Amino acid sequence: MTNETYDPKSIESKWQKEWEKSGIYQVKEDPKRPKYYLLEMLPYPSGRLHMGHVRNYSIGDLVTRYKRMNGFNVLHPIGWDAFGMPAENAAIKNKSHPAKWTYSNIDYMRLQFKKLGISYDWSREVATCDPEYYKWEQLVFLRMFEKGIIIRKEAMLNWCDTCKTVLANEQAEGGKCWRCDNEVALKPLTQWFVRLPLYAEELLKDIDTLEGWPERVRNMQRAWIGKSVGASIKFNVKDSDKQVEVFTTRPDTLFGATFMSLAAEHPLVEALAKGTGQEKKIKEFKEKTSKIGRLDRIAGNFEKEGVWTGAYCINPATGLDMPIYTANFVLMDYGTGAVMAVPAHDSRDFDFAKKYNLPIKQVISPRSGDIDKSKAYEDDGILIDSGKFTGLESENARNQIILDLSLQGVGKATVNYKLKDWCISRQRYWGAPIPIIYCEKCGTVGVPEKDLPVELPKDVQLTGEGGSPLAKVEKFVNCKCPKCGGKARRETDTMDTFVESSWYFLRYCSPKYDKGPVDPAAAKYWMPIDQYIGGIEHAVGHLLYSRFYMKILRDLNLLKFSETNEPVKNLLTQGMVTLGGAAMSKSRGNIVDPDKIIEKYGADTARLFILFASPPEKDLEWSDAGIEGSWRFLNRVWRICQAGKSIEQSPDLERWTHKTIKRVTSEIERFHFNTAISAIMEFVNFLYANEASVTKDAVNILVQLISPFAPHMAEELWKGLGHKESVINSSWPKFDPAKTADEMMMIVVQVNGKLRDKLEVDPNTGEEEIKKLAQAAEKAAPFIEGKQVKKIIYVPKKLVNIVVG
RNA sequence: GCGAGGGUGGCGGAAUGGCAGACGCGUUGGACUUAGGAUCCAAUGAAGCGAUUCGUAGGGGUUCAACUCCCCUCCCUCGCACCA
């Protein structure tokens, strides 16, 4: 049939051309077939694929091919997360244009994908920097702006002085910029925000429906949303008409609130201190507090301190005066930036009270009744010393006290979320322009939808200095107000690239659609994504924004494919590819270049190894020795397929074949690709041991089983076996359960739970007979002799355990 | 501190209450060979000549039977981290 020696280089390029020519991986909607939408996370066109990509796409391609052979109409598209700072930084460095850098990277990486033989429908390729793409997110921006879901406001934001832009919290983890690794500062800035918290409750509730997601990711999203139920309470400031509002989850401890702590940036701090003689101290304290770096704050590397503002407020429950402090551990951006301090029942307040000699009043008693006064008692319990609420359980007391406060008009039940507004504006060039015009007369005006897209001007000089590059492009900035026709200027900020990646998977459903972001009918057919594959690093950012975006599109009447519009049904978070136990990175110098591996062994070997070495969720340590093993195995497959000359079907071979189909199928179904491969390896080992009896049928099945892992080789072998159609168009082999049954049963004989012997018996042997045989078994008998048999356990078709005493 | 996931040969890893270590790497021996870093065959958890004994981080428990279920302790990884 085919060549004697396996030559991946010629085979792989031959079939890649063939696939491209026939367009075999292009799909369209087909209501007669079940659909399956498989997606790997959108790559950033950084220049070259790395091993992490190879893993991500090898997993996806394997599942794609498997599902397709099982009769599914599989959508498997790819595109590019093409906006972003690296392109801009490269352009500054090379005095070139970000588009040039981006598109040449895309060209190279597209080639790499093709060399890997991934089964993409390239006719659906999308680059997010294409105006035909970002036009639609500008439209959605405008609709959200009209509905008040997008607003412009001032807030304390992470600012990277190197990139000259604001950063979202998850882009500034550990206080460092995710792109350039520089220290990030907090600055008050006016920016564009998406009001995510409006959807906090729905986003939280629907996490429960995401049964195909790893629990870890679901918990991360729950924590990120950070719902807490409690009360907001207003405290009157003594001798003043001012009020301080707090949020608390423990209104049951209100009678124990003995002082008040405000964040240093709280707007009332200075006003309260005015005229009390504390002004100077407060000013110094605010300055000192503002110098605590983000890193130190996260690590808790600062002393907990506070200063009295000079003012008091009144506890609405006790009527007692509470000194108002400002404290450096109170956060301005959570709750109201003010905390009612209950030192007896909160350890931070306890430490603070000890330090500044403030009263500590016990109001909750543990159910056991013992009170340890050396520390705060933070659990629920029975209320004591709490007026008419004394004796109530904490939970009940919370409701009663909230009710009481609301009758007085000074409090109400409140739900608070950690989830914050999403800042989406960036002071960079290489992003989707925000479609807003500022008019001297009309104010902030949206660009009319007929004028979309607001295209990025092409002729810009990027220097990396002095803020937003677009602000310097006169032709872009100066415009007419769409309302009054008067002089106006354009918004010069661009959108966070997470906006593009929040909906790109919709665009794949109808990439050329020109009446909206997506053809609702196409989305109805393809969505949701049946299997999404990507790194854990996107557990909260991208995956939360995408969920949000689908809900927004639903509420804007642009798209509805289900009640919840949840975009991802099943999520697989694959582990990293490491070398020397660490993630591969240029700075560490531990890169394995996919091109070199493909050059040496071919794509099939690279893919097989990466799938075989570790289960997909686990990190994978790269090993050159390991890849040799995969290479050897594929060569063995190649050679054994030259056999297959036997006419007679031996019962052993038939049984092995059906057992292997069964194992490989169920292992792929549960995403244990490494054990699926071992099952094929065992089959191949069997074929080698029985080379003379290998039939053409067995070889056919072997080729089909290996085709999702090593598609090029499989295609070549399949053709050599005389098939005209591509192997991916063949049906995944079925096994016959009757043919997986062994001729003889192997029964393990245990005495007192210890393995003593094994029996080969006919499958029709009865239980009593087997028990008898077990007791008589040569190696078991000595352990039974002279002892009393108390019990015999029989596990059908598996084992006999003889309990003796 | 809180939450989640882990800890199995020299290594990557199998085994979801029933033969611990499948499969692969490595190692050793053999075959074929002018040669082989190709290929094929075999052995390979530890101790012991052996029959056997011990062995899944450590300790306890449930069970005829535990890597697997329960309790305690230790260690590792990840996420959150003054969230009031």
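Chain letters run A, B, ... following the sequence lines, proteins first, then strands; residues in each count from 1. Since this is a predicted model, take the numbers as computed values, not measurements.
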**Asked** Within the structure, does a side-chain N or O atom of K791(A) lie under 4.0 Å from either OP1 or OP2 of C64(B)?
**Response** yes
**Message:** Measuring only between side-chain heavy atoms, which start at C-beta, is M745(A) closer than 4.5 Å to K798(A)?
**Reply:** no
**Message:** What contact category does E621(A) fall into here, base, sugar-phosphate, or nothing, at under 4.0 angstrom with non-hydrogen atoms?
**Reply:** nothing
**Request:** Would you classify A223(A) as touching base, sugar-phosphate or nothing, given that sugar-phosphate means primed atoms plus P, OP1 and OP2, and contacts are heavy atoms under 4.0 Å?
**Result:** nothing
**Prompt:** Just checking G629(A): base, sugar-phosphate only, or nothing, at a heavy-atom cut-off of under 4.0 Å?
**Reply:** sugar-phosphate
**Prompt:** Are R636(A) and A38(B) close enough that a side-chain N or O sits under 4.0 Å from OP1 or OP2?
**Reply:** no
**Request:** Would you mind checking if K596(A) and E599(A) are paired as a salt bridge, meaning a charged N to carboxylate O distance below 4.0 Å?
**Result:** no
**T578(A) versus D619(A), side-chain donor and acceptor atoms under 3.5 Å** = no
**Prompt:** So what does R670(A) hit on the nucleic acid, given a heavy-atom distance under 4.0 Å: a base, only sugar-phosphate, or nothing?
**Reply:** sugar-phosphate
**Prompt:** With a non-hydrogen cut-off below 4.0 angstrom, is S623(A) in contact with a base, only sugar-phosphate, or nothing?
**Reply:** nothing
**Request:** Assign Q750(A) to base, sugar-phosphate, or nothing according to its heavy-atom contacts below 4.0 angstrom with the strands shown.
**Result:** base
**Prompt:** What nucleic acid atoms does S630(A) come within less than 4.0 Å of, heavy atoms only: base, sugar-phosphate, or nothing?
**Reply:** nothing
**Request:** Return yes if a side-chain donor-acceptor contact under 3.5 Å exists between Q362(A) and Y377(A), otherwise no.
**Result:** no
**Asked** How would you label the contact of N801(A) with the nucleic acid (heavy atoms, under 4.0 Å): base, sugar-phosphate, or nothing?
**Response** base
**Message:** Taking atom NZ as the centre, does K790(A) end up with more than 12 heavy-atom neighbours from other residues, nucleotides or ligands that are less than 6.0 angstrom away?
**Reply:** no
**Message:** Distance criterion of 3.5 Å, no angle test: do you see the side chain of K418(A) paired donor-to-acceptor with the base of C83(B)?
**Reply:** no
**Prompt:** Is R218(A) near enough to A4(B) that one of its side-chain N or O atoms lies under 4.0 angstrom from OP1 or OP2?
**Reply:** no
**Asked** Any side-chain N or O of N674(A) under 4.0 Å from OP1/OP2 of A14(B)?
**Response** yes
**Asked** Does the side chain of R222(A) get closer than 4.0 angstrom to OP1 or OP2 of C80(B) through an N or O atom?
**Response** no
**Prompt:** Considering only A84(B), A4(B), G13(B), which nucleotide approaches the side chain of S614(A) most closely?
**Reply:** G13(B)
**Message:** Quick test of your reading of the model: are R195(A) and D421(A) salt-bridged, counting only N-O distances below 4.0 Å?
**Reply:** no
**Message:** With a 4.0 Å limit, can you tell me whether R756(A) has a side-chain N or O closer than that to the phosphate oxygens OP1/OP2 of A65(B)?
**Reply:** no
**Item:** Among A84(B), C25(B), A15(B), the one nearest E667(A) by side-chain distance
**Value:** A15(B)
**Request:** Tell me yes or no: between the side chains of N635(A) and R632(A), is some donor less than 3.5 Å from an acceptor?
**Result:** no
**Message:** Looking at C83(B), I'd like to know if its phosphate oxygens (OP1 or OP2) sit under 4.0 Å from a side-chain N or O belonging to R348(A).
**Reply:** yes
**Asked** Heavy atoms under 4.0 Å, any strand shown: does V803(A) hit a base, just sugar-phosphate, or nothing?
**Response** sugar-phosphate
**Item:** K618(A) side-chain N/O to G7(B) phosphate OP1/OP2 under 4.0 Å
**Value:** no
**Request:** Could you tell me whether E767(A) and K771(A) have a side-chain N and a carboxylate O separated by less than 4.0 Å?
**Result:** yes
**Request:** Could you tell me whether the phosphate oxygens of G24(B), OP1 or OP2, come under 4.0 Å of any side-chain nitrogen or oxygen in N685(A)?
**Result:** yes
**Message:** Give me the stems containing RNA chain B, sorted by first residue, counting only three or more consecutive Watson-Crick or G-U pairs with both distances under 3.5 Å; say none if there aren't any.
**Reply:** B:1-7 with B:74-80, B:10-12 with B:23-25, B:26-31 with B:39-44, B:45-47 with B:52-54, B:57-61 with B:69-73
**Request:** Name the nucleic acid region contacted by K754(A), choosing base, sugar-phosphate or nothing; use a 4.0 angstrom heavy-atom cut-off, strictly under.
**Result:** sugar-phosphate
**Prompt:** Does a side-chain N or O from S228(A) land closer than 4.0 Å to OP1 or OP2 of A84(B), or not?
**Reply:** yes
**Message:** Just N and O in the side chain of H672(A): are any of them under 4.0 Å from OP1 or OP2 of G13(B)?
**Reply:** no
